[in-house]
Amino acid sequence: MSDRPVLETTLAHAEWNDHILRRHRIFKDLLGHCDFWNLLSIAMNGPGIDEAGLAVIHRICVSVTAADPRLPPMKIVRLASCYGGTMAAIGAGLVYQEDASIGTWTAGRAAQFLMDIAAEIGDQEMTPSSVERSMRALISKGAKLAGCGVPARKEDERAQALRHAMVEIGQVGGDFWMLMNIADGVFRKVARSPINISGVVAALFLDLGFNPRQIAVLGMVISQAAFIANALEGAEQAPEVLRKIPDEWIAYQGPAPRPSPRAVPRPSG
Amino acid sequence: MKKEQDKPMLSGPMEEFPWPEKLTARVVSPGPRPRIHGYDVEGDLALHYSFAETVLLTLTGEPPDPVRGKAFEIALIFLSPITIAEAPTHAAAIARLAGSRASGVLATGAIGLSEQASFILETHREFLETPDKTALHFPERFRARSDEEREIVKRLKNALPVGFQFPGSEEDPAPIPALLGVIHACGIKKPEEMQVVLVLARLASLFAEASTTRPGRINDYPMNLPSFRYSEGGNDE
C-alpha cells in the first residue's frame, strides 16, 4: 500500500476541547471577542475590520438586499424550493453564479476590473481622462466592462442608496471609492450605463483590503437575507404554479412536428 | 390560487417594464403529447430509438443513424463507472453518511459530476477545439501512458461498430481523449453538450455506490483519507 496521501492546510484543526482557526483558538481567543465579520475575514485570510469598516459592511448588506422573488437568482431559489426543500433551493441559487454575469459573483469581477484600471493608470494622476484611457485600453485587450449596467431601469437604486449612505458616514476617502466615482462617469460615456451595485460594493471591499476572489464570495454572504427568505417562503408555499407553468403560458418556437427517418415507411420496390 | 387582479396594484420595474408574457420552449414542446425537436416521443422515438439515441437526438437536434447511435451507447457505457475514489461519488457518499435525503445525495453528486465534467473538458480543450486536425498535431499529454490505458482503448475499439472512425483513434489516445473523440464523431461537438453526456453517463453508478453507505455510521468513515496536515502559515492580519 502506498503512503497515505496528505494535504497541507493553514485553515483549521479540530483539537480536544477547542478548534483552531488560522492560529486562533475558537473558544479561548475568539469567543466573546470576535464579531461575525471579523471571524469571516480571519477564516478567509482577509483584513481586520474596525468599527468604521463594520459600519460600511452593514450598510452594504442592507443596500444589496433585493429579495423580489422575480429577480433571477431569487427566481431560481423559488423554482428549486417549490417542492418543499430549503437548502437545495439556496444551493441552486448559488451554484450557478460562479463566473455568471447576473448575480452576486459580479462584485468580484467588478473588483478585478477596478484593480485592472488602477494598474493600467499606474503612476498617472487619476482623472476622468486617465480612467477612460485605461478603460479603453483594457477593452481593446479583450477585457469586458464589469460593475456597470442595470436592467429595466436607468439607474441602479441600490448603488445610489449605498453611495449616499457612505457619504452620510463619511466613508468617501478610499482609493477605489474615488476610482469608482470617476469610473461611473466613464461608464456612462463609454457604455451608456451607470455604475451598479456590484461596482460600488467592489470598491468598498477593495478599500477594506479584500481581494477580488474574496469579494466574489463575499457577494454571496452579503446577499443571504434575500436567498434565505426566498427559500423559506418558497418551501413553505411550495406552489403548484411554479412546479409547472400552465401550457398556455409557454410559447413553442422549435421545429414543427415531423416523423423520424425510422418512422417513415420506405418506398416499396 | 389568487388571481392577479385580486392583488393591490404595486409599481416598480417588474410591473412597468415590457417583459415578455410567456416562457419560450425551443426543444421540448409543451402539452400532453411531448415532442423533442419535433419528433413524437411516445409514438415515434419510443418505438424506433434507444434511450442513448434519444439523448443524442436531443443534444444534436437530429436522429442519429444506427452506427452513430450504437457508438454513442458504447461511449456512455464506457463512461458510466465512477468509483467511490472519485470526488463526486465520495462527496455523495458523505452526504448519505450524514443522513441526507436521497435528493440531497443526488444533488451533491450531480454538482460534483458537473464540476468534474467541466474540468475534464477544460483540460481537453485543445483537443476538442480541433479534434479533426489532431492527426497532424496530437498533444503528447493526450496519448496513452500505460499498457493498461492502451488496453482500455483497444476494448473500446472492439466494442464500437465496425468501420466507426473517431478523431485521434490512430494517435495512441488515452481513454478519455478516445471517448471524447467518439462522442465528437457521434455529432456532439460543443463542450457544454459533452458535459451533459459525462454527467448523464455517471449519475446512476454514483448514486448506486453512494447509496450503499450507511447513514450515521461516522465511525466507519476513513476520516484521514486523505489526511490534512495543519500548519500555522498564511497571512493572518
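Throughout, protein chains are lettered first and strands after them, A, B, ... in sequence-line order, and every chain is numbered starting at 1.
Using a 4.5 Å cut-off between heavy atoms, Glu240(A) does not touch chain B at all. Neither the backbone nor the side chain of Pro18(B) comes within contact range of chain A; no heavy atoms are under 4.5 Å apart. In this structure, chain A has no heavy atom under 4.5 Å from any part of Glu16(B). At a 4.5 Å heavy-atom cutoff, Ala88(A) makes no contact with chain B through either its backbone or its side chain. Only the side chain of Ile245(A) has a heavy atom closer than 4.5 Å to any heavy atom of chain B. At a 4.5 Å heavy-atom cutoff, Glu115(B) makes no contact with chain A through either its backbone or its side chain. With a threshold of 4.5 angstrom between heavy atoms, Ala92(A) does not approach chain B through any atom at all. Of the atoms belonging to Val6(A), heavy atoms from both backbone and side chain fall under 4.5 Å from chain B.
The shortest heavy-atom contact between Pro261(A) and Pro63(B) is CD-CG, 3.5 Å. Across every non-hydrogen atom of Tyr230(B) and Ile20(A), the tightest pair is OH-CG2, 3.1 Å. Nearest heavy-atom pair across Tyr49(B) and Ser260(A) is CE1-OG, 3.3 Å. Nearest heavy atoms, Glu8(A) versus Ser231(B): OE1-OG, 4.5 Å.
Remark: the backbone N or O of His37(B) is paired with a side-chain donor or acceptor of Arg258(A) at under 3.5 angstrom.
Looking at heavy atoms from C-beta onward, Pro259(A) lies out of side-chain contact with Asp40(B) at the 4.5 angstrom threshold.
Counting heavy-atom pairs closer than 4.5 Å to chain A, the top residue among Leu47(B), Ile111(B), Asn224(B) is Asn224(B).
Counting non-hydrogen atoms of neighbouring residues, nucleotides and ligands closer than 6.0 angstrom, the CZ atom of Arg70(A) exceeds 12 such neighbours.
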